[in-house]
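Lettering follows sequence order; numbering is per chain, from 1.
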Number of protein chains: 2
Amino acid sequence: MNTKARNTQTTKERIIEAADDLFYQKGYEFTSFADIADEVKISRGNFYHHFKTKDDILGAVISHRMNKTKKMLKEWEDESKDAEGRIRCFIHILIANYAKIKLYGCPVGTLTTELAKLDHASQEDANQIFTLFRKWLSNQFKELGLKKEADSLAMHLLALSQGVATMATAFPSEAYVKQEVNHMNEWLRQQITNHSNN
Amino acid sequence: MNTKARNTQTTKERIIEAADDLFYQKGYEFTSFADIADEVKISRGNFYHHFKTKDDILGAVISHRMNKTKKMLKEWEDESKDAEGRIRCFIHILIANYAKIKLYGCPVGTLTTELAKLDHASQEDANQIFTLFRKWLSNQFKELGLKKEADSLAMHLLALSQGVATMATAFPSEAYVKQEVNHMNEWLRQQITNHSNN
DNA sequence: GTCTATAGATTGATAGAC
DNA sequence: GTCTATCAATCTATAGAC
């Protein structure tokens with residue numbers, strides 16, 4: 001997770017990364033300043049030198065997640081030259097992150113639903129992370145020639161992966177997740193085959 | 001929602017129903033005793049005559065939701081004589097409850113993920129509501145002759161509906177939900193057709 | 001930039017009068 | 001069964017010394 005050495009990071013960066021983890025693991029509302037301060041090992045007072053309100057930290061965390069996501073999507077683009085392979089990279093995160101998903105669900109989906117319930121101002125910012133995936137997936141489908149249905153297919157794949165994450169939290173089973181991942185890969189193959197046959 | 005006249009309910013029942021609504025709309029952690037007391041219009045002190053701890057209310061709400069769910073599943077059984085029609089009843093709740101889903105997500109999925117993050121003792125009780133749907137759907141698929149795959153199909157359909165609920169919260173669009181519902185109905189038809197052709 | 005001390009509000013929970 | 005009064009703990013946030 002945090003591979004950088006502690007002393008190469010500013011306190012602000014350390015706060016953001018600690019908050020990022022805690023918001024994911026405990027939820028935004030249930031994470032207090034004391035929790036984050038304990039994790040970063042600074043006093044609560046020092047906190048307000050870097051962030052004026054809890055909402056400011058949330059904003060910074062969302063922005064941090066946006067950057068992490070953009071980076072990851074670029075890595076997937078380098079990893080695979082064809083769009084099918086890139087979409088498979090997306091599908092594969094369910095397996096790669098299974099250990100965390102079974103405990104805390106999907107970081108994007110769970111933050112979105114929590115902020116929706118809190119009727120929080122940052123809700124739309126959090127949705128932007130979803131939009132990042134949505135547009136990226138949509139572009140991949142377009143590259144496969146599925147121009148008209150690209151956005152629908154992207155939304156469908158996002159929904160499926162969200163649902164699998166939720167079910168994996170309720171009924172933790174790696175076998176189940178793998179089964180759904182195989183199902184998604186087959187579905188992807190079928191979309192491409194169906195299209196090239198038309 | 002609350003069709004019963006207020007004066008035919010005990011205070012305890014009124015507390016449970018108010019807590020049920022608030023836990024759904026605001027989340028468990030973000031709902032305080034004061035919020036529930038305001039809604040029921042009783043004092044906070046009176047609260048502890050009926051429930052000793054906040055966890056006790058959560059337990060009562062989960063139990064209440066279990067009963068509501070059992071009732072709903074029975075209604076679906078009466079509504080449709082064939083299993084396909086009953087499964088369609090399940091799929092249709094995405095449209096029937098769209099107005100609430102776009103604001104608060106699915107009541108079962110969001111409670112499950114919140115309790116998972118809180119590492120709450122009632123997490124397994126909340127999962128029992130999912131189990132209710134899972135077994136019921138599984139039984140319907142068995143009735144369609146899909147005995148071997150029944151549980152996998154049930155889990156897959158649950159995942160899909162969960163995912164659609166999450167996406168509908170992030171990107172509210174009734175057209176999107178209807179599109180996914182049509183997709184699910186077609187998928188269901190295909191499962192039945194594929195099976196009878198074998 | 002980091003700390004201690006503290007404010008002011010709210011939390012879950014209790015005691016006791018009516 | 002319902003109320004008021006109150007507790008101790010915790011919350012976000014501020015002020016000011018170093």
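For residues 101-128 of chain B, the set of pairs meeting the ring pair (Phe, Tyr, Trp, His ring centres under 6.0 Å) definition, not counting sequence neighbours, comprises Tyr24(B)-Tyr104(B), Tyr28(B)-His120(B).
Atom C1' of nucleotide dT2(D) and atom CZ of Arg44(B) are separated by 15 Å, given to the nearest angstrom. One atom, CD1 of Ile15(A), and another, C1' of dG1(C), lie 11 Å apart when rounded to the nearest Å. Atom C1' of nucleotide dT11(C) and atom CD1 of Ile36(B) are separated by 13 Å, given to the nearest angstrom.
For DNA chain C, the residues of residues 47-58 of chain B within the heavy-atom distance limit of 4.0 Å (strictly under) are Tyr48(B), Thr53(B), Lys54(B), sorted by number. Residues from residues 24-34 of chain B with heavy atoms under 4.0 angstrom of DNA chain D: there are none.
Under a 4.0 Å N-O distance rule, the pair Arg86(B)/Glu143(B) qualifies as a salt bridge. The pair Asp20(B)-Lys68(B) meets the salt-bridge criterion, since a charged nitrogen lies less than 4.0 angstrom from a carboxylate oxygen.
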Using a cutoff of under 3.5 Å, can you pull out all pairs of nitrogen or oxygen atoms linking the protein to nucleotides 15-18 of chain D, with atom names and distances?
none

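For Asp56(B), the side chain to side chain contact (heavy atoms under 4.5 Å, CB included) partners are Phe51(B), Lys52(B), Thr53(B), not counting sequence neighbours. Taking Phe47(B) as the reference, Phe33(B) meet the ring-ring contact (aromatic ring centres under 6.0 Å, His included) condition, with sequence neighbours excluded. Under the rule for a salt bridge (charged side-chain N to carboxylate O under 4.0 Å, His left out), the partners of Lys26(B) that lie at least two apart in sequence or sit in another chain are Asp35(B). Every residue two or more places apart in sequence or in another chain that forms a side chain to side chain contact (heavy atoms under 4.5 Å, CB included) with His183(B) is listed here: His156(A), Glu180(B).
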Listing, residues 69-80 of chain B side-chain donor-acceptor contacts under 3.5 Å, not counting sequence neighbours, or none:
unit_1   : atom_1 : unit_2    : atom_2 : d
Thr69(B) : OG1    : Arg65(B)  : O      : 2.7
Glu77(B) : OE2    : Trp136(B) : NE1    : 2.7
Ser80(B) : OG     : Asp82(B)  : OD1    : 3.4

Let me have the donor-acceptor pairs involving side chains of residues 87-98 of chain A, under 3.5 Å, with sequence neighbours excluded, atom names and distances please.
unit_1   : atom_1 : unit_2    : atom_2 : d
Arg88(A) : NH2    : Glu84(A)  : OE2    : 3.2
Tyr98(A) : OH     : Ser173(A) : N      : 2.9
Tyr98(A) : OH     : Glu174(A) : N      : 3.2

Would you mind writing out the side-chain donor-acceptor pairs for residues 161-168 of chain A within the sub-3.5 Å range, not counting sequence neighbours?
unit_1    : atom_1 : unit_2    : atom_2 : d
Ser161(A) : OG     : Leu157(A) : O      : 3.2
Ser161(A) : OG     : Leu158(A) : O      : 2.9
Thr166(A) : OG1    : Gln162(A) : O      : 3.1

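Axis orientation changes by 0° from one end of the helix from dG1(C)-dC18(D) to dC18(C)-dG1(D) to the other, with each end axis drawn from 5 pairs and the value rounded to 10°.
For the pair Phe130(B) and Ala170(A), the tightest heavy-atom approach, listed with the atom from each and the gap, is CD1-CB, 3.6 Å.
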Report the C-alpha distance between Ser122(A) and Ile62(A) in whole Å, list the side-chain angles of each, state the deciding distance to 0.1 Å, and finish with yes or no for side-chain contact (heavy atoms from CB on, under 4.5 Å).
CA-CA 9 Å; Ser122(A) 294; Ile62(A) 291 174; 3.9 Å; yes

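Between Thr11(A) and dT2(C) there is a side-chain polar atom (N or O) within less than 4.0 angstrom of OP1 or OP2.
Residues Lys117(A) and Phe30(B) fail the side-chain proximity criterion, which asks for heavy atoms closer than 4.5 Å.
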